[in-house]
Protein chains: 2
Amino acid sequence: MGESSGGSIYGDAEARRRRTLDAAAALLDEGGYAALTIRSVAKRAGTSTGLIYQYFADKQDIFMALLDESIVESTRAVAALPRDRGVAALIAAIIDESARRWGRLGRMSQVWRDAERAADAGRESLRAVHDSGDRYDETVFEALTEAAAKEGRVLLDETAVLPFLLSGMQGVAASIVNDWAAYLDSDEFARFSAAALTRAITRTEPSP
Amino acid sequence: MGESSGGSIYGDAEARRRRTLDAAAALLDEGGYAALTIRSVAKRAGTSTGLIYQYFADKQDIFMALLDESIVESTRAVAALPRDRGVAALIAAIIDESARRWGRLGRMSQVWRDAERAADAGRESLRAVHDSGDRYDETVFEALTEAAAKEGRVLLDETAVLPFLLSGMQGVAASIVNDWAAYLDSDEFARFSAAALTRAITRTEPSP
DNA sequence: ACCTGAACACCGTTCAAGT
DNA sequence: ACCTGAACACCGTTCAAGT
């Protein structure tokens with residue numbers, strides 16, 4: 001509780017967890033999924049393979065932790081986005097942010113899906129990602145409502161509005177990262193998509 | 001050329017390729033990505049691991065072949081869709097088809113991306129998937145234009161329209177398959193999304 | 001000429017042995 | 001008490017040996 005540096009003669013456990021996560025992220029950035037092996041993470045983080053399993057249940061758990069952090073960061077970024085430039089500008093900014101995130105971790109979606117299947121429903125790291133995801137969704141919804149209000153617009157009053165928007169933004173971000181539609185400038189594509197999504201989910205008048 | 005059954009005393013090479021692909025698809029359906037090992041494919045297809053490498057360059061190549069076939073089938077399905085029920089109905093039907101396809105092979109997107117990276121640009125199976133994808137995109141665009149015309153609508157005249165629509169449909173289909181938005185009926189979600197996408201990319205009047 | 005499956009170089013994960 | 005890394009049971013891929 002009051003211990004300032006982890007409290008073990010062997011080193012700070014929390015710091016080692018951090019280094020493990022950083023090493024994993026770096027390997028993922030540099031060499032893609034294939035480069036991410038437990039042995040190379042251990043080497044880079046300055047630990048042993050065995051010790052990694054004291055902090056993470058398995059390889060998937062490392063992904064989950066990385067994914068969770070990434071979602072939390074995105075949520076913070078979305079929360080800080082300006083609301084006074086209109087819905088379309090807000091959506092374009094979220095798509096940018098989402099593409100940046102997808103660039104590093106999108107490749108993990110496979111892992112994520114298999115985890116969701118295998119579920120171990122109790123698994124803590126999975127619940128964490130779920131909760132962070134919910135928070136992200138709420139943050140997007142709030143930002144959107146505020147941006148619309150400033151423009152004198154309202155969101156359509158349907159349950160499917162938010163899931164549709166999130167799916168659409170995700171699809172567009174994935175397209176940008178994967179460079180489908182390479183013949184389009186990606187900024188222009190993001191801007192068009194943002195305007196199109198705005199047409200799809202907002203109306204001019206508040207309902208009476 | 002005139003040979004009716006493959007022409008080898010060892011059996012029909014083409015038939016064995018087919019059985020290999022069928023075995024791979026079945027394993028994927030049953031046990032997910034993790035169940036798909038070369039050894040189990042060989043066993044199920046009634047060949048040996050070594051022989052599989054005579055028909056496919058590597059494991060990824062098997063995926064590519066499966067993915068290509070899946071895209072070709074989807075293209076056929078889209079081409080056969082009725083045009084006279086409006087744009088939104090057409091889009092909803094494509095989303096359905098897309099979700100079905102994604103259900104089996106979406107998990108392969110990871111593999112696909114890595115292949116695109118490593119590229120071996122010459123790789124034949126990769127080019128095949130690319131070409132099939134282009135054909136799919138064109139087919140969607142044609143169907144869409146026709147459906148709009150029957151309704152007295154037109155697509156917006158912007159290059160980004162098709163990539164946006166494809167990304168959006170893909171995003172929605174992925175959401176349905178992954179069961180995000182579990183609180184929504186997936187048919188309702190698909191219908192709302194189709195209508196929203198229609199608002200996003202069509203106008204009422206032909207341009208003058 | 002074609003086919004097989006042991007062998008090779010990995011992988012994720014565990015746990016006896018060290019400090 | 002904590003940490004290591006050899007060992008285990010796999011994997012994708014190759015290629016000598018069989019038929």
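Throughout, a chain's letter reflects where its sequence line sits, starting with A, and its residues are numbered from 1. Hydrogens, waters and symmetry mates are skipped; everything else that's a heavy atom, side chains included, is used.
Along DNA chain C, the nucleotide closest to A/Thr49 and the one closest to B/Gly46 are compared, and the more 5′ of them pairs with B/Gly46.
Under the Watson-Crick and G-U wobble criteria, each requiring two contacts below 3.5 Å, nucleotide D/dT19 is paired to C/dA1. In this structure C/dT13 sits in a base pair with D/dA7, meeting the Watson-Crick or G-U test at under 3.5 Å.
Stacking of A/Arg101 on the aromatic ring of A/Tyr136 is recorded, both the 6.0 Å distance cut-off and the 45° axial limit being met.
Checking C/dC3, D/dC3, D/dT13 against every side-chain atom of B/Leu51, the shortest atom distance belongs to C/dC3. Distances from the side chain of A/Thr37 to the nucleotides D/dC3, C/dG5, C/dG12 place C/dG12 closest. Nearest nucleotide to the B/Tyr53 side chain, out of D/dG12, C/dT14, D/dT4: D/dG12.
Across the protein-nucleic acid pair, B/Arg39 atom CZ and D/dC10 atom P stand 10 Å apart, rounded to whole Å. Rounding to whole angstrom units, CG of residue B/Asp58 and P of C/dA9 are separated by 20 Å. Rounded to an integer number of Å, the gap from B/Tyr33 OH to C/dG12 P is 13 Å. The CZ-C1' distance, from B/Arg19 to C/dC3, rounds to 14 Å in whole Å. Put simply, CG on A/Leu27 is 15 Å from C1' on C/dC11, counting in whole angstrom units. If you measure from atom NZ of B/Lys59 to atom P of D/dC11, you get 9 Å, rounded to the nearest angstrom. To the nearest angstrom, P of D/dC11 lies 13 Å from CD1 of B/Ile52. Atom CD1 of A/Ile38 is separated from atom C1' of D/dC11 by 15 Å (rounded to the nearest Å).
Between A/Glu97 and A/Arg76, no side-chain nitrogen of the basic residue sits less than 4.0 Å from a carboxylate oxygen of the acidic one, so the salt-bridge criterion is not met. Between B/Asp68 and B/Arg127, no side-chain nitrogen of the basic residue sits less than 4.0 Å from a carboxylate oxygen of the acidic one, so the salt-bridge criterion is not met. Ion pairing of A/Arg44 with A/Asp22 is absent here, as no side-chain N (NZ or NE/NH1/NH2) approaches a carboxylate O to less than 4.0 Å.
As judged by a 4.0 angstrom heavy-atom cut-off over every strand, B/Leu36 is placed among residues touching the sugar-phosphate backbone only.
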Apply side-chain contact (heavy atoms from CB on, under 4.5 Å) to the pair B/Arg123 and B/Asp61, showing each step before the final yes or no. CA-CA 9 Å; B/Arg123 199 160 189 154; B/Asp61 229 44; 3.3 Å; yes
